[in-house]
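The block underneath contains the structure these notes are about, expressed in C-alpha cells.
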Amino acid sequence: MNSRIPNLLLNNNLLSQEQYLLFKSRQKDSGNSVVTDLCKLGVVTEDQIASFLAGYYDLQKIDLEGTDIPEAVRKMLSPEFIQKYQVLPVKRSGKTLQIALVDPSIDFVLEDIKFITGFNVQPTVVTETQFLRAIETYYHMGGTLDKILKDIGDDVSAEIIQDTSDAEQEKLREEIETAPVVKLLDGVIADAVQKGASDVHIEPYEQQLRIRFRIDGMLTEVMSPPYHMKSALISRAKIMANLNIAERRVPQDGHIKMKLIDRTIDLRVSTLPTLFGEKVVMRILDKSNLTLDLATFGFEEKALDDFARAIRLPYGMILVTGPTGSGKTTTLYSVLSKLNTPTVNTMSAEDPVEYNFAGLNQVLVREEVGLTFASALRAFLRQDPDIIMIGEIRDLETGSIAVRAALTGHLVLSTLHTNSAAATISRMVDMGIERFLVSSSLSLIVAQRLIRKICVKCKTPVEVHEEALREIGLDPVLTKGTTFYKGAGCIECNNSGYRGRTGIYEVMSITPKIRTMILDGKTPTDIEAAAVADGMVTLRIGAVLKFERGITTIEEVLRVTGDM
C-alpha cells in the first residue's frame, strides 16, 4: 500500500528534503502508519496533514466527534478492510455512501469500496486519531492500546524471583526498563489520561491479565494483554513508583510523577497481593483538570448561598460527607482555594495529599511513625492557625480535638463517611462526642454524590414510562410536556451515552432550630424533615431536578440515589 502523502508534503514545501529523507529512514523499520511517523518528525501535526489533504483533493474534512454511525452503515465494510486501509463508512444517503479516509492518496481504495458496496462513494478526510477512536468505539479494535500491543509482539517475558540477591534485582530492573513493556505501560497511562479516567486497574487472574479504566465513576475493560507480560508489567509499575519489586507479600503504596505531552500528571499507586499476583491500582491526579469554582459544581442556588455563608464565618466546623469517590476532597480544596490568602494561616492534614497548593501548609499523615490525624491536629493548634482542614474524622480523639478547635475560634473543614447530612450528627454522637459539643461546633453539613451527565454530542429525546417517573417522585401529570433525554452513544463518549459528571448536594445549615433538635436527641429523620421544611434540597430531589433539566437520565438518578 503506497501512500503519496510524504511526496505531496515535500512538493508543497511542508517537508524539507532532509526531513523527507529522515522520515524514509525511520519509516522502513518503525511499523507505524505514514501519518504517525510524519507527525513524529515534529514538523507537521495530523490536523495539518488532514487539512492539507482535504484542500489538495478538494474534499471535505469532517469531525467524527459526536457523529453516530448507524449499525447498518458500519456493516457495509468488513472490520479487516476498515483497519487495513484506514477508511470508515460514515453515512448513507440514497445510493451514496459517505466514507472518511485518513489517506485519500491511495487511488484504488475508493474503487474497491464502490465494488464491495455497490454504492457511489463520497470521500471525506479525517484525522488518524479520530479514525482510531472511532474503530475502537464501534469495532473494538485498532485503538491506541491495540497499536502498542502489535508493536510489542510476543517478546516480553520477565519473571520475578521471590528471594533475589541485590545483583539479581538490579539486573531484573535493567531488563524491565529496556523491555517493550515500558511502551505498553506508558501507552496505558496516556490512553487513560486522554479518556479522562480517574483510575487504572491492572488485575492478574489465573490465566488472564486485565486492564480496566474508571471513567465517570464506572469501570470499563480496555484491554487484556498477553498473560506472559503479567510480571513485567506489574514490576514496571512498581519501579516507576519506587516500590520494592521483590516484595510481593504485603501491600505497598507509592507515587509516580510524569510529564505527558504538555502537562504533568501525578499517579498514586497501590499494590495488593491477590491469589494470582499483585493487583495494581493507579489513581490519576491531573491538576489541569481540577475545577475549583464552586459555582460550576452543580449546587442549587440556595445550597450554594448557604455554603458560601458558612465558609465566610471565622470559626465553626463544616463537614462534607459521602462515600469514597464522591468528590469530597475536591469540594474542600475548592473552599480552601477561596479562603487561602496571604492574610490567613491555612493548614491541612491529609492521607494522602492528592494535590499540593501554593500557600497551603499540607501535612501527610503517616500512622506508622505516629503522625496521625489527631497528633497533626494537636500540632496545628500550636502553629497559630486560622483555617484547619482534616482529611477525615475517623475516631473520637480526632473528632474531639476538631470540635475543640472549632469552638476556640478556628474554621475547621473535614469529611466523614455517611449517607446523608442528617446522619452525620448521629455518626458524631456514636463516636462519643457529646451532643452539646456537636450542636455548638457545627456550622454546616454537605452530603454529596457525583452523577453522570448525558453526552451533549449524542443527546436525544426519550420517552419515560409513567411508573418510572412515579418511582423517583415525579407526578406524570405535572411533567406532561417535559422533554426527557438520554445519550444515544457516540465516539465522544465511548458509546456510553454519558460524558463527564456533576455533583448533587444536600446542604444542611445548622440553624438554631436544628441545634435544639440535636440537643434534644431527635432522630436523623426528624432533623432531615426540619431541614427540608427550611428549604434544604435532598440528594434525591437534587438528582431529580437534574433529570428534569435534561442533564442526566432517570437510570442515573436511580443508580446514584437508590431508595433515598
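Hydrogens, waters and symmetry mates are skipped; everything else that's a heavy atom, side chains included, is used.
Contact check for Ile256 versus Asp266: no side-chain heavy atoms found under the 4.5 Å cut-off. Considering only heavy atoms from C-beta on, Ile99 comes within 4.5 Å of Leu77 through its side chain. Contact check for Leu444 versus Asp306: side-chain heavy atoms found under the 4.5 Å cut-off. Asn419 places none of its side-chain heavy atoms less than 4.5 Å from the side chain of Arg427. Side chains of Asp386 and Leu411 form no contact here, defined as non-hydrogen atoms less than 4.5 Å apart. Counting heavy atoms from C-beta outward, Met76 and Leu97 have side chains that approach closer than 4.5 Å. No side-chain heavy atom of Val222 sits less than 4.5 Å from a side-chain heavy atom of Arg212. Contact annotation: the side chain of Val412 never approaches that of Ile318 to less than 4.5 Å [non-hydrogen atoms, C-beta and beyond].
A side-chain donor from one of Gln130 and Asp63 sits under 3.5 Å from a side-chain acceptor of the other. In summary, the side chains of Ser51 and Lys61 do present a donor paired with an acceptor at a separation below 3.5 Å, with no hydrogens or angles considered. Between Glu392 and Ser414, the side chains place no donor N or O within less than 3.5 Å of an acceptor N or O (distance only, hydrogens not considered). Side-chain contact of Gln448 with Glu506: a donor-acceptor pair under 3.5 Å is absent, judged by distance alone. Side-chain contact annotation: Tyr498 with Thr553, donor-acceptor N/O pair under 3.5 Å present. With no hydrogens or angles considered, no side-chain donor-acceptor pair links Thr296 and Asp293 at under 3.5 Å. A donor atom on one side chain and an acceptor atom on the other are found under 3.5 Å apart for Glu350 and Tyr333. Looking at Arg540 and Thr561, their side chains do bring a donor and an acceptor atom within 3.5 Å of each other. No donor-acceptor contact under 3.5 angstrom links the side chains of Glu528 and Thr538, judged on distance only.
Ion pairing between a basic and an acidic side chain is recognised when a charged N comes within 4.0 Å of a carboxylate O; Arg309 and Asp305 show no such pairing. Using a 4.0 Å cut-off between a side-chain N of Lys or Arg and a carboxylate O of Asp or Glu, Asp199 and Arg283 qualify as a salt bridge. Using a cut-off of 4.0 Å between Lys/Arg side-chain N and Asp/Glu carboxylate O, Arg559 and Glu556 are scored as salt-bridged.
More than 12 non-hydrogen atoms from other residues, nucleotides or ligands lie less than 6.0 angstrom from NZ of Lys279. In this structure, Tyr315 places its OH atom where only 12 or fewer heavy-atom neighbours from other residues, nucleotides or ligands lie under 6.0 Å away. Within 6.0 Å of atom NZ in Lys114, 12 or fewer heavy atoms from other residues, nucleotides or ligands are found, so the atom counts as exposed in its surroundings. More than 12 non-hydrogen atoms from other residues, nucleotides or ligands lie less than 6.0 angstrom from NZ of Lys459.
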Please assess Thr415 against Leu319 for the test side-chain contact (heavy atoms from CB on, under 4.5 Å), listing each intermediate value before the final yes or no.
CA-CA 5 Å; Thr415 72; Leu319 294 177; over 6 Å; no
With side-chain contact (heavy atoms from CB on, under 4.5 Å) as the criterion, how do Phe131 and Leu88 come out once you've worked through the C-alpha distance, each side chain's angles and the decisive distance to 0.1 Å?
CA-CA 7 Å; Phe131 168 79; Leu88 186 71; 4.2 Å; yes
side-chain contact (heavy atoms from CB on, under 4.5 Å) for Val193 and Ile284? Distances and angles first, verdict last.
CA-CA 8 Å; Val193 172; Ile284 299 170; 4.2 Å; yes
Trace of the salt bridge (charged side-chain N to carboxylate O under 4.0 Å, His left out) decision for Arg74 with Glu71:
CA-CA 5 Å; Arg74 282 180 250 154; Glu71 188 176 358; 5.5 Å; no
side-chain contact (heavy atoms from CB on, under 4.5 Å) between Thr398 and Ile390, worked out
CA-CA 9 Å; Thr398 308; Ile390 312 296; 4.0 Å; yes
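Residues that satisfy the salt bridge (Lys or Arg N to Asp or Glu O under 4.0 Å) test with Asp351, not counting sequence neighbours, are Arg394. Shown here are the ring-ring contact (aromatic ring centres under 6.0 Å, His included) partners of Tyr57, two or more places apart in sequence or in another chain: there are none. Listed by chain and residue number, nothing satisfies the ring-ring contact (aromatic ring centres under 6.0 Å, His included) test with Tyr485 (two or more places apart in sequence, or in another chain). In this structure, the ring-ring contact (aromatic ring centres under 6.0 Å, His included) partners of Phe307, at least two apart in sequence or on a different chain, are Phe299. Annotation: ring-ring contact (aromatic ring centres under 6.0 Å, His included) contacts of Phe547 (sequence neighbours excluded): Phe484.
Under the 3.5 Å distance criterion, the side-chain polar atoms of Asp475 are matched with a main-chain donor or acceptor of Val477. A donor-acceptor pair under 3.5 Å is formed between the side chain of Thr331 and the backbone N or O of Gly327. Using modelled atom types, no side-chain atom of Thr96 and backbone atom of Arg92 make a donor-acceptor pair closer than 3.5 Å. Looking at Lys486, its side chain never comes within 3.5 Å of a backbone N or O of Pro461 through a donor-acceptor pair. Between the side chain of Gln362 and the backbone N or O of Phe357 there is at least one donor-acceptor pair closer than 3.5 Å. Side-chain atoms of Gln48 come within 3.5 Å of backbone N or O of Thr45 as a donor-acceptor pair.
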Under 3.5 Å, which donor-acceptor pairs link side chains of residues 510-519 to any protein atom two or more places apart or in another chain?
| unit_1 | atom_1 | unit_2 | atom_2 | d |
| --- | --- | --- | --- | --- |
| Thr511 | OG1 | Ile514 | N | 3.3 |
| Arg515 | NH1 | Ser439 | O | 2.4 |
| Arg515 | NH1 | Leu442 | O | 3.0 |
| Arg515 | NH2 | Leu442 | O | 3.3 |
| Arg515 | NH2 | Ile510 | O | 3.4 |
| Thr516 | OG1 | Pro512 | O | 3.0 |

